[in-house]
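To start, the structure under review is shown below, and the notes come after it.
In the text below, chain A, chain B and the rest are named by the order of the sequence lines, each starting its count at 1.
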Protein chains: 2
Amino acid sequence: MDERQAVMAFAALGQENRFRVVRALVTAGPDGLAAGTLATEIGVSATNLTFHLKELSHAGLIQSRREGKSIIYSAAYEGLSDLITFLMRDCCQGRPEVCAPAVRDSAHA
Amino acid sequence: MDERQAVMAFAALGQENRFRVVRALVTAGPDGLAAGTLATEIGVSATNLTFHLKELSHAGLIQSRREGKSIIYSAAYEGLSDLITFLMRDCCQGRPEVCAPAVRDSAHA
DNA sequence: TCTACGTTTCAACAATCATTGAAACAATGG
DNA sequence: CCATTGTTTCAATGATTGTTGAAACGTAGA
């Protein structure tokens with residue numbers, strides 16, 4: 001992952017509704033959620049959700065597939081883990097002051 | 001760290017110049033860098049840098065102290081590690097598919 | 001094929017954000 | 001106290017982003 005894409009991903013997560021979409025999709029697991037379900041869950045209009053989904057998709061944080069009439073969105077695990085890795089390595093330089101607590105916490109999560 | 005603050009931090013990192021400021025400050029270490037030095041390094045005007053620094057400071061990612069005529073900025077390690085922890089735990093639910101690679105990578109960073 | 005459903009596209013608008021230059025402020029040295 | 005250096009504040013502007021409603025598209029069932 002390069003800086004350009006990392007910044008795009010951060011920008012994508014830096015908006016309340018989009019952040020909630022990602023969390024909902026991670027929680028939903030690989031099966032994902034239909035756009036309509038997401039819209040209800042997050043509390044935004046279908047139109048507006050589409051806008052945010054496109055943003056997240058472009059940032060590589062989610063993916064979609066069609067299933068009958070519905071379009072199912074799911075979290076892009078690789079994109080998310082790449083982002084965390086990039087944040088720890090390239091941005092925070094692997095500094096223990098920054099990274100150690102996160103690693104420690106995640107160990108007994 | 002709550003969702004509100006995490007989203008603010010992501011938004012702060014989701015802008016090229018601000019992202020570079022954070023990286024420069026992490027690289028600089030606890031001693032930090034004067035605002036003027038940062039402005040030169042990042043390649044933005046002093047005025048514009050102030051705007052971004054305020055944003056980052058408000059997001060809890062950097063801090064400042066006065067030293068003579070200069071104002072020295074430095075990375076807020078705790079804010080950064082809180083963000084990583086939040087991203088792994090609250091957003092990504094500690095899912096191994098997402099978090100394990102990051103932890104593994106950081107181990108031999 | 002017609003209709004209904006789920007989703008996206010489009011055009012418009014309001015709101016927020018990034019950038020600029022001029023002016024003000026704070027600290028230091030003469 | 002004055003001049004200089006480093007930084008911030010302020011007001012203005014252009015650019016980007018978030019939101020909306022109407023219309024279009026794709027799929028499935030009657």
Quiz item: Looking for any heavy atom pair under 4.0 Å, which part of the strands does A:Ala39 touch: base, sugar-phosphate only, or nothing?
Solution: nothing
Practice problem: Kindly state which residues belonging to residues 46-53 of chain A come within less than 4.0 angstrom of DNA chain D, counting heavy atoms of the residue only, listed by number. | Solution: A:Thr47, A:Asn48, A:Phe51, A:His52
Self-check item: Any residue meeting ring pair (Phe, Tyr, Trp, His ring centres under 6.0 Å) with A:Tyr77, in chain and number order, not counting sequence neighbours
Solution: none
Quiz item: A:Ile72 CD1 to D:dT27 P: how many Å, rounded?
Solution: 14 Å
Quiz item: Does a side-chain heavy-atom distance below 4.5 Å link A:Leu13 with A:Leu83?
Solution: yes
Quiz item: What integer distance in Å separates A:Arg66:CZ from C:dC5:P?
Solution: 16 Å
Practice problem: Quickly work out the B:Arg65 CZ to C:dA27 C1' distance and round it to whole Å. | Solution: 17 Å
Exercise. Give the rounded distance in Å between these two atoms: CG of B:Leu33 and P of D:dT7.
Key: 11 Å
Quiz item: Between B:Glu3 and A:Arg20, is there a side-chain N and carboxylate O pair less than 4.0 Å apart?
Solution: yes
Quiz item: To the nearest 0.5 Å, what is the distance between CD1 (A:Ile62) and CD (A:Glu55)?
Solution: 10.5 Å
Quiz prompt | Protein-nucleotide distance (B:Leu38, atom CG; D:dT7, atom C1'), rounded to Å | solution = 12 Å
Quiz prompt | Euclidean distance, atom CD1 of residue B:Ile71 to atom P of D:dT9 [Å, nearest integer] | solution = 9 Å
Quiz item: Does some side-chain heavy atom of B:Ser74 sit less than 4.5 Å from a side-chain heavy atom of B:Leu25?
Solution: no
Practice problem: Would you sort out whether B:Thr27 and A:Gln93 count as a side-chain hydrogen bond (donor to acceptor under 3.5 Å, both in side chains), showing the intermediate values? | Solution: CA-CA 7 Å; B:Thr27 304; A:Gln93 315 277 322; 3.3 Å; yes
Quiz prompt | B:Glu55 side-chain proximity, nearest of C:dA18, C:dT9, C:dA26 | solution = C:dA18
Quiz prompt | B:Arg95 side chain vs A:Val26 backbone, donor-acceptor pair below 3.5 Å | solution = yes
Quiz prompt | Which atom of B:Ile72 lies closest to which atom of B:Gly32, heavy atoms considered | solution = CG2-C, 4.0 Å
Practice problem: Specify the residues of residues 1-27 of chain A, ordered by number, for which at least one heavy atom lies under 4.0 angstrom from an atom of DNA chain D. | Solution: A:Gln15, A:Asn17, A:Arg18
Quiz item: Can you find a side chain N or O atom of B:Tyr73 that sits less than 4.0 Å from OP1 or OP2 on D:dT8?
Solution: yes
Exercise. Specify the separation, in whole Å, of atom NZ of B:Lys54 and atom P of C:dC17.
Key: 13 Å
Quiz item: Within the pair B:Lys69 and C:dC25, is there a side-chain N or O less than 4.0 Å away from OP1 or OP2?
Solution: no
Quiz prompt | Under 3.5 Å donor-acceptor, B:Arg4 side chain and B:Ala6 backbone | solution = no
